[in-house]
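Note sheet for the following structure.
Read the numbers this way: they start at 1 and go in the same order the structure lists the ligands and their atoms.
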Amino acid sequence: MLILGIETSCDETGVALFDSEQGLLAHALFSQIDMHADYGGVVPELASRDHVRKLLPLCDQVLADAGKARSDLDGIAYTAGPGLVGALMVGGSVAHALGFALGIPVLGVHHMEGHLLAPMLEDNPPAFPFVALLVSGGHTQLVRVDGIGAYEMLGESVDDAAGEAFDKAAKMLGLDYPGGPRVAALAEQGTPDRYRFPRPMTDRPGLDFSFSGLKTFTLNTVNAAREDGGLDDQTRADIALAFEAAVVDTLTIKCKRALEQTGCKRLVIAGGVSANKRLRAGLEKMTAKLRAGVFYARPEFCTDNGAMIAYAGAQRLKAGQQDGERIVAVPRWPM
Ligand code: KG4
Ligand code: ZN
C-alpha cells in the first residue's frame, strides 16, 4: 500500500510517501518558522494561508522524488488534530479532495499518535509493549503502548507542556521562537551548578508533570540577575543550563518511575523536545542502569513532519479504517 501523509497542524507543512512493503520512499517539509519569528510565536491565519500555498506543490514533489504518480496512491492520511483549526482544515481539505478525485480511502489521524510512532521509521524500531514519553510544544504525556491504538495514559502535565516551558524560558532569556533548540544551544556555554532549579512534582508519587512553577522560577532568576545588573551572556547561559537540567531531570525521574511501574523494558521518546541532546543522554544513562532500551526518531522526525503521519495512517488504513465523506478537524483532541 502506497500512502501519502500530510501534516499541517501548526507551522510546518510536512508531506511524505510511505509504502507498507518498502518503507519510507520520500518526505518533504516546509517550515514557516521564519515567517512567524517576527511575531514571537505562530500566527494561526498566516499559518493556514501558507499551508494553502505550499501543500500541493510538496505533494507533487514527494511523488516526483519517489518516481510515482498520483494514480499510484492507495490511500491518504492527514493530521486531523489536535492543532490550529484553520491549519488542520487545509490538510484535511486537500487530503479529501485528492482522495475523492482518485477514488481512494482517506483517514484523519491523531497528531500525537504520529509522534508516538515516529521511532518506528528507524532501523531498529521498538517492539510492543513500550512506555512512550511524548514531549512537544503542546503535550507532555507518559503513555503505555501495547500496539497501534492500544494506549493507556499513565501521566501528563497538569499545566504547561515541556516544549512550551522551553519556549517561554527562551523568551525570558531574549531568544527567538522556537526556543527549545536555542535554549539548548545557549546552555552549552553554561556553568554547571551555578543555579539549581526545582524538579517539580518529583517528591511525590505519581506520573504527572507540572512545568509552570519552573517557568516562574526562571522568570524570578532572570529578574533578580537583571536587578543586580548581572544579566550578562554568561549568566543567561548559566540560567539556560539550570533550566534545561531541571526539565531533563524531571522527565528522567518520571520515565524511570513509569518503566518500573509497568515493568516495560523499552522507552520511546517522541515530539519536538525528544530532539534535545541532554534529554537523550539522561535517558540513555537511566535506562542503561535498568537494563532497558531507549528509542527515538532521527531529529527531523522528532519535530512535526509528514512521515510520521504517513506511517500512522498506513497502519490504520491497512486495518480498514477510513473517514466518511466529512473532513475531520479537531483542535482539542485527547489521545
Ligand atoms: O512536536 P513539535 O515539533 O510540535 C508540536 O507538536 O508541538 O514540538 C515543538 C516543540 C517546541 O516547543 C520546541 O521549542 C521544542 O519542541 N523543541 C525542543 C528542541 N527542539 C524542539 N526543545 C528542547 N530541545 C530541543 N532540541
Ligand atoms: Zn507535534
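A 6.0 Å sphere centred on NZ of Lys256 holds no more than 12 heavy atoms belonging to other residues, nucleotides or ligands. Counting non-hydrogen atoms of other residues, nucleotides and ligands closer than 6.0 Å to CZ of Arg257 gives a total above 12. Counted within 6.0 Å of CG on Asp193, heavy atoms from surrounding residues, nucleotides or ligands total 12 or fewer; the atom is thus considered open.
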Could you go through the salt bridge (charged side-chain N to carboxylate O under 4.0 Å, His left out) check for Asp60 and Arg70 one step at a time?
CA-CA 8 Å; Asp60 288 333; Arg70 287 185 185 179; 3.1 Å; yes
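The backbone N or O of Val294 sits nowhere less than 3.5 Å from a side-chain atom of Glu284 that would complete a donor-acceptor pair.
With atom 20 (N) of ligand 1 as the reference point, the heavy atom nearest to it among Gly180, Ala165, Gly272 is part of Gly272. Of all the listed residues (Gly114, Ser136, Ala185), Ser136 holds the heavy atom that lies closest to atom 5 (C) of ligand 1. With distances taken over non-hydrogen atoms, the option nearest atom 6 (O) of ligand 1 out of His139, His111, Lys168 is His111.
Against a heavy-atom cut-off of under 4.0 Å, Asp167 is close to the following atoms of ligand 1: 11 (C), 12 (O), 13 (C), 14 (O). Heavy-atom contacts of His115 reach the following atoms of ligand 1: 1 (O), 6 (O) (cutoff under 4.0 Å). Atoms of ligand 1 found under 4.0 Å from any heavy atom of Thr303 (numbered from 1 in listed order, with element): 3 (O). When each atom of ligand 1 is checked for a heavy atom of Gly137 under 4.0 Å away, the hits are 5 (C), 7 (O), 8 (O), 9 (C), 10 (C), 12 (O). Here is the list of ligand 1 atoms found below 4.0 Å of a heavy atom in Gly138: 7 (O). Of all atoms in ligand 1, listed by their number and element, those nearer than 4.0 Å to a heavy atom of Gly163 are 12 (O).
Listed by first then second residue, pairs satisfying salt bridge (Lys or Arg N to Asp or Glu O under 4.0 Å) with a partner in residues 219-244 read Arg194-Asp238, Asp233-Arg236, Glu244-Arg278, not counting sequence neighbours.
Linking Ile, Leu, Val, Met, Phe, Trp and Tyr whenever their side-chain heavy atoms come within less than 4.5 Å puts Val247 and Leu207 in one cluster. If you chain together hydrophobic residues whose side chains sit under 4.5 Å apart, Val268 and Val135 never meet in one group. Grouping the Ile, Leu, Val, Met, Phe, Trp and Tyr side chains by contacts below 4.5 angstrom, directly or via other members, places Phe30 with Tyr78.
Remark: the His27 side chain and the Asn305 side chain contain no N/O donor-acceptor pair separated by less than 3.5 Å. No side-chain donor from either of Glu156 and His139 sits under 3.5 Å from a side-chain acceptor of the other.
When heavy-atom distances to ligand 1 are checked against a 4.0 Å cut-off, Lys277 has no atom that comes that close, whether in backbone or side chain.
The distance criterion of under 3.5 Å between nitrogen or oxygen atoms is not met by Pro178 with respect to ligand 1.
Remark: minimum distance from atom 2 (P) of ligand 1 to any protein heavy atom is reached at Asp304 OD1, 3.4 Å. Closest protein heavy atom to atom 24 (N) of ligand 1: Asn276 ND2, 3.0 Å.
For Phe243 and Phe166, the distance between ring centers is under 6.0 angstrom.
Protein-derived N/O/S atoms nearer than 2.8 Å to the Zn ion (ligand 2) total 3, waters excluded.
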